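These notes concern the structure reproduced below.
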Amino acid sequence: MTDTEPNSDPNALPVQYVDIERARERIDDDTVVKQTPVEKSTSLGGFVDAEVYLKMEHLQWTGSFKTRGAYNKISQDVADGVEEFVAASAGNHAQGVALAATKCGADSTIYMPTDAPQAKVDATRSYGATVELVGKDFQETMSHAQAAVEDSDAEFVHAYDDVDIIAGQGTLGAEMYHDCPDADTVIVPIGGGGLISGISTAIKHLSPETRVVGVQATGAETVHESLDKGIPVTLDEVDTIADGIATGGISEATLSVIQANVDEVLTVTDTEIARAILLLMKRAKQVVEGAGAASVAALLSDDLDVSGETVMPLLCGGNLDMTQLQTVLVHALTQRKQRIRLRVRIDDRPGKMEDISGIIADQGANIHDVRHDRSVADLEVGEAYLVFTVETSGAEHAAGIVDAIEAEEYSVEDVTRSTG
């Protein structure tokens, strides 16, 4: 966790609250940007001894906040005669630019990484954009997009390094304040920093005493080193399930606002993010992507104390690809011992699989799959391993299954972690 040092001259920052107010007037169209709801979570509040209010921006038209900044910029540029826009994005900015351009009667071409979630690619096309898949990560994709506009009349729409984008995202901060003016702490995910720059500008203007906490994924962390060095740091590569905040870098503009307005910045692991996704599904009945769950992962982190406070974590995106959802769920269930893998040593004779399956069934567990493994060096002739993937209700249930198998004099080992 890092405590930031406030800037003594907020008027020197690239975005002022008046810019956010003007952006609010431009996006005052609920077919483009709607006011998203806030919901109190007694379950999360009980975990952290606080009043927790979830800002549900993942229910925005495009599934994220990005349309706010995109429309604020594009509507002005179209009024000035721009007819075509180009952007680079892992998915959410892509959809925001596509929708904003189409609403304004302009064309858009979006460059996306080759591994961008298919759901986000399809959604971007559905909003009227042409999609080009190029680059192994966001930074490489952005280089291709910027090169594409050099000899054209198109305008490049940066995901975060643009004052109009930041001001548009700041409308969410003003909305959050009016949703919950008594909030002691707001928690905001950080990718390139445009979102937290806009939100913190609004929050600190309207409620200077409110604590603004930023959160990054460990595999895409850039803010700590950027703050230490005083200049934006860019990563060569990123590795996180939270693709919405996997930019791998911030800008001079967003760094300056983070220094001025953000009180703390902490990081969360993919495991913590996966747990938060699962918890939001179970307790809040909300499906959010990794970036959207990062704020809840931070809320539950040992690095953040919100005891006795009123807290607003921002669920900034809900565009979770179904394949990624499956990966996240399997990972989270494995961590919670609700999905285990047991290796049982047997004499390789008929009936053994049925016998052990019966023991597991008697414990009220479901077998997801099972395989024979005979090609293992430590097995004697005529022996084999049966490897069961079992769904349980948790660690206590898992331990009971192991005990029951051992009670029937089988050698059993929980190999969940070592085999995936």
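Note that this is a predicted model, so its numbers are computed, not measured. The figures here come from the full heavy-atom set of this structure, side chains too, leaving out hydrogens, waters and symmetry mates.
- For the 3.5 Å distance criterion, the side chains of S411 and E413 fail to qualify, holding no donor opposite an acceptor.
- Judged by distance alone, the side chains of D305 and S307 never bring a donor and an acceptor atom under 3.5 Å apart.
- Between R24 and E21, at least one side-chain N (NZ, or NE/NH1/NH2) sits under 4.0 Å from a carboxylate O, which counts as a salt bridge.
- Separation of atoms OG1 (T130) and CD (E84) is listed at 8.5 Å; rounding is to 0.5 Å.
- Checked for salt-bridge contact, D263 and K204 meet the test: a charged N lies under 4.0 Å from a carboxylate O.
- Separating the CD1 atom in I190 from the OG1 atom in T267 is a distance of 10.5 Å, to the nearest 0.5 Å.
- Residues S89 and H93 bring no donor and acceptor atom of their side chains to less than 3.5 Å of each other.
- The minimum heavy-atom distance between A246 and A220, with the atom names listed, is CA-CB, 4.0 Å.
- Within 6.0 Å of CD in E391 there are more than 12 heavy atoms belonging to other residues, nucleotides or ligands.
- Within the model, atoms CD1 of I360 and CZ of F388 stand 4.5 Å from one another, a figure rounded to the nearest 0.5 Å.
- D369 CG: more than 12 foreign heavy atoms inside a 6.0 Å radius.
- Within the model, atoms CG of L280 and CE of M56 stand 9.0 Å from one another, a figure rounded to the nearest 0.5 Å.
- Contact check on E175 versus K55 returns a salt bridge, with a Lys/Arg side-chain nitrogen under 4.0 Å from an Asp/Glu carboxylate oxygen.
- The side-chain heavy atoms of Q286 and L54, taken from C-beta on, include no pair separated by under 4.5 Å.
- To the nearest 0.5 Å, atoms OG1 (T392) and CZ (R336) are separated by 10.0 Å.
- Contact of the I27 side chain with the T171 side chain is registered, since non-hydrogen atoms from C-beta on lie closer than 4.5 Å.
- In this structure the side chain of N92 reaches within 4.5 angstrom of the side chain of K120, judged on heavy atoms.
- Contact of the K337 side chain with the E396 side chain is not registered, since no non-hydrogen atoms from C-beta on lie closer than 4.5 Å.
- Counting only heavy atoms from C-beta outward, the side chains of R374 and E383 never approach each other to under 4.5 Å.
- In plain terms, the two heavy atoms of A98 and A129 that are nearest each other are CB-CB, 3.6 Å.
- With a 4.5 Å cut-off on side-chain heavy atoms, S295 and V188 do not count as touching.
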